[in-house]
2 protein chains.
Amino acid sequence: MSGRSADSITLDIERSIVAGELEEGRPLPAERALMEQYGASRTVIREAITALTAKGFLKSRPRYRPIVCRPDASSAMQAAGGVIKHLLDNSRGVHDLYQVRVLFERVLVRDAATGAGKDDLKRLKDALDDNQAAICDSERFYATDVAFHRVLYTISGNPAYPAIHAGFVEWLAPQWSRMPRSEQRNHDNFLAHQAIYEAILMRDPDAAERALVDHLEASWEFVRSTFFAGENE
Amino acid sequence: MSGRSADSITLDIERSIVAGELEEGRPLPAERALMEQYGASRTVIREAITALTAKGFLKSRPRYRPIVCRPDASSAMQAAGGVIKHLLDNSRGVHDLYQVRVLFERVLVRDAATGAGKDDLKRLKDALDDNQAAICDSERFYATDVAFHRVLYTISGNPAYPAIHAGFVEWLAPQWSRMPRSEQRNHDNFLAHQAIYEAILMRDPDAAERALVDHLEASWEFVRSTFFAGENE
DNA sequence: AATGACGTTTGGTACGACCATATACTGTTG
DNA sequence: CAACAGTATATGGTCGTACCAAACGTCATT
């Protein structure tokens, strides 16, 4: 009824991918094969492939066969990312997104404080130690900083959380990863991480949340004054 | 350099849309016009349009000109939704997503308890009253239920929050909106909402969070036993 | 067995054609 | 003059063919 046969093909290939008929990581059949399989012209097949690529069900390099991608939380974040990155061209958009991150981590540290297991605490401590060891190397410090926060996203075991973390990191990277760094600032950040860790260790969710919020708000203020100094808030 | 001229056209149109050169809500220029503008064949133009549609920058009904859509938090959620709905075919996926929602609302009620203004409280009270008034009408009750929770997402003023709420509602609807309802259950849910509201009114974040978690976990348990009774958790 | 030349497959692009429908235009009619 | 019906045109959807260049597979040579 609604005129686009490409849509139904898109849907069917999508279904095949989720159903596992098209194996993840394998290349899609050749366009000319698909056009025989679906009895459609190459135009339509290519249109379906384009749509699936944009939707994140295929990864296609220019001259190669598209690779089948099983959808997971990570690809969902990536699909959203195509739009989200356009919302981040001003401080307002960046701050809105950053607030979401802060919101998220506030619960994560609270839950860590109340429910983290011994192994979780150890992973957190390890990440903290790595962070401390990298204070004098700003590039490595950024990586260990991200890694420390990532541990918080892994404690619950919900596979969506690490994917969400990856999204935050990627989307906020234009500002955070390119921020001027100094050993002094690294050290301050390490102390903030330590305060969070210790509050978690003391099983004090309120203190942990407070330490986290202080840390993230200071970080935002630094980014704001660095990149968005002129904009009206 | 990498072989696809459709990609650069996609990017350029995307840029035109965010830059406002293509007005939101207006139809895209005709394909044959674009092919002259970009000096490309219709094949390429159509491929770009397909990609932009899948990315959420255009809304195209079958026989009409595509409508330009400025990206916002809502379209970002929608882009993610195309993938997310495939993750919700088992209780595991639904629960993972539901957990994210719970996480989100836990902070929202805490913040409401500590920082909600008089007008926020009034909107919350109005929603609660609507909810109570609809106890005997299960269909309306579901709507007022959703509306009550939505108020929580509007208090901070962050435009991303209502969009996220809309995403949760849409993605979880297959289970929640089709749950068997009764006046008894509606009443129980209303009492839960009332408890949340009162804790917020008393400026007690811990109580508000507890009331919310109790409410949402009971709701999940009911959904789980209704739709996923056989699955192993 | 490693290597390099060669033909084949395949994705990227273009052109032209046809259909069906939405839209704009036009002439008729009340 | 306005409402309407009929017609012409614009436009999206689909198809087929053709060509190019890069990737791939094959096979003979070393």
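Proteins come first, then strands; the chains are lettered A, B, ... in the order of their sequence lines, and each starts at number 1.
Within residues 44-61 of chain B, the residues having any heavy atom under 4.0 Å from DNA chain C are, by residue number, B/Val44.
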Check: residues 69-77 of chain B side-chain donor-acceptor pairs under 3.5 Å, at least two apart:
| residue | atom | partner | partner atom | Å |
| --- | --- | --- | --- | --- |
| B/Arg70 | NE | B/Val18 | O | 3.3 |
| B/Asp72 | OD1 | B/Ser74 | N | 3.1 |
| B/Asp72 | OD1 | B/Ser75 | N | 2.8 |
| B/Asp72 | OD1 | B/Ser75 | OG | 2.9 |
| B/Ser75 | OG | B/Asp72 | N | 2.8 |
| B/Ser75 | OG | B/Asp72 | O | 2.9 |

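Nearest-nucleotide positions on DNA chain D place A/Thr43 closer to the 5' end than the other of A/Tyr64 and A/Thr43.
Going from atom CG of A/Leu28 over to atom P of C/dG11 covers 8 Å, rounded to whole Å. Atom CG of A/Leu34 and atom P of C/dG12 are 13 Å apart (whole Å).
Judged as a salt bridge (charged side-chain N to carboxylate O under 4.0 Å, His left out), and not counting sequence neighbours, the contacts of A/Arg123 are A/Asp120. Checked against salt bridge (charged side-chain N to carboxylate O under 4.0 Å, His left out), A/Asp111 has the following partners two or more places apart in sequence or in another chain: B/Arg106. In this structure B/Asp130 satisfies the salt bridge (charged side-chain N to carboxylate O under 4.0 Å, His left out) test with no other residue, sequence neighbours excluded. Residues satisfying the salt bridge (charged side-chain N to carboxylate O under 4.0 Å, His left out) criterion with A/Asp129, sequence neighbours excluded, are A/Lys125.
Sorted by first and then second residue, the ring pair (Phe, Tyr, Trp, His ring centres under 6.0 Å) pairs with a member in residues 37-59 of chain B read A/His86-B/Phe57; sequence neighbours excluded. Legend: salt bridge (charged side-chain N to carboxylate O under 4.0 Å, His left out) pairs involving residues 18-28 of chain A, not counting sequence neighbours, sorted by first then second residue: A/Arg15-A/Glu21.
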Protein-nucleic acid N or O pairs under 3.5 Å, nucleotides 17-21 of chain C:
| residue | atom | partner | partner atom | Å |
| --- | --- | --- | --- | --- |
| C/dA20 | N3 | B/Arg63 | NH1 | 3.4 |

